[in-house]
2 protein chains.
Amino acid sequence: MKEKQVVTPFRSVDHQHSTCLNSVLVTAEHYCQQRGLKLTPLRRRVLELVWKTHEPVKAYDILQTLQAEKKGAAPPTVYRALDFLQQQGFVHKLESMNAYVGCGAPGQHHTSQFLICHICGVVAELDDYDIGELIGSKADSLGFKVSQLTIEIKGVCGSCQAA
Amino acid sequence: MKEKQVVTPFRSVDHQHSTCLNSVLVTAEHYCQQRGLKLTPLRRRVLELVWKTHEPVKAYDILQTLQAEKKGAAPPTVYRALDFLQQQGFVHKLESMNAYVGCGAPGQHHTSQFLICHICGVVAELDDYDIGELIGSKADSLGFKVSQLTIEIKGVCGSCQAA
DNA sequence: CAGATAATGTTATATTATAACATAACATAG
DNA sequence: CTATGTTATGTTATAATATAACATTATCTG
């Protein structure tokens, strides 16, 4: 069994989120610069808001913040930015929650598995080779060709079990 | 590797859907009778409509049909029936599509993995031991206790690849 | 600069789902 | 069999999520 790859871990007690967030933004800037993509102020701000915590964020919560900051934000404002960010792999949508989380491996092609703690709300992202592989092979044996995987795992994280 | 368990297969060319549907209804009736649950005409009708095909069905499409059949159906009519059917394990919700499919193993406790063909729309349901097991063990090694799994696999089914 | 393209603004509306309260159907104890 | 509680359904309204369509602005490119 190959080692599981944790893309976004559950936070350690000493997690410095401002550092974490800053690194996300720098990476995104860099990624876009390299490819001639435009991480406009709006898109950058939405990315920041998604990454405000390690919990899933709702589109309309982002909208509310934008509206408070500046007149004229409407649903398309948010959804377009989210579309861009998803296309570049900076954020993921959690289908089972209609909510968005930042991606821990921006720009790196990967399949994701999300662990979602329903106590504290925190999301961890895995890119586990074995899981993708196993599902692929099972599908394959049924003659099914996989193009997209949605794997969302709800439960209770370690810290919340301890508490 | 244990054998994959296919709960709802992709249909064979000679699939007799009326028989399939009838069997689903009989099973549900029986299941409810045994437990003193009420498969009311409304719930039964919604179950029928979900199982009208092997493709995911949208709540508002069901609503439309109900409204055509009988005055007075409203969103809660449908959502309540769907809730009941989901609780009894007669239907599943596909989170990534906001749509509903009939369950191939009604009343039997299981985790599901859905294979969804984006060409023909047909959904197959698996209850694969290995997948659940692997995900459980990976989560476990991160100290995460799984309570609910959402696994939805999009791609192209065998027949559609052939065609 | 002109024209093209991309991004954002703006208004409206579609789609999905639930809240809240009223009524009806049904079960069962007295 | 009837009062009472419970479950199911009816009804109205609204919340929550998302997109369509077209106008305007910014940016890029020749």
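In the text below, chain A, chain B and the rest are named by the order of the sequence lines, each starting its count at 1.
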Separation of C/dT16 atom C1' from B/Leu94 atom CG, nearest Å, is 15 Å
Cluster membership besides A/Ile119, Ile/Leu/Val/Met/Phe/Trp/Tyr side chains within less than 4.5 angstrom, sorted by chain and number, is A/Val156
Exercise. Do B/Thr150 and A/Lys154 have side-chain N/O donor and acceptor atoms under 3.5 Å apart?
Worked result: no
Rounded to whole Å, the CD-P distance (B/Glu95 to C/dT16) equals 13 Å
In whole angstroms, the gap separating C1' of C/dA14 from CD of B/Gln64 amounts to 13 Å
Here the distance between atom C1' of D/dA26 and atom NZ of A/Lys38, to the nearest Å, is 8 Å
In whole angstroms, the gap separating C1' of C/dA6 from CG of A/Leu37 amounts to 12 Å
Salt bridge (charged side-chain N to carboxylate O under 4.0 Å, His left out) pairs touching residues 56-70 of chain B, sequence neighbours excluded, are B/Arg45-B/Glu69
Atom CG of A/Leu63 and atom P of C/dT8 are separated, to the nearest Å, by 15 Å
note: A/Gln88, atom CD; C/dA6, atom P; distance rounded to Å ~ 13 Å
Tracing side-chain contacts under 4.5 Å among Ile, Leu, Val, Met, Phe, Trp and Tyr outward from B/Ile116 reaches B/Leu94, B/Met97, B/Val101, B/Phe114, B/Val123
Please tabulate, for side-chain N and O atoms in residues 74-90 of chain A, each donor-acceptor pair with protein atoms closer than 3.5 Å (sequence neighbours left out).
{"unit_1": "A/Thr77", "atom_1": "OG1", "unit_2": "A/Ala74", "atom_2": "N", "d": "2.9"}
{"unit_1": "A/Thr77", "atom_1": "OG1", "unit_2": "A/Ala74", "atom_2": "O", "d": "3.0"}

Whether each nucleotide of nucleotides 9-24 of chain D has a protein heavy atom under 4.0 Å at its base (B), only at its sugar-phosphate (S) or at neither (-) is summarised, 5' to 3', as BBBB----BBBBB---
In short, salt bridge (charged side-chain N to carboxylate O under 4.0 Å, His left out) pairs touching residues 17-32 of chain B with sequence neighbours left out are B/Glu29-B/Arg44
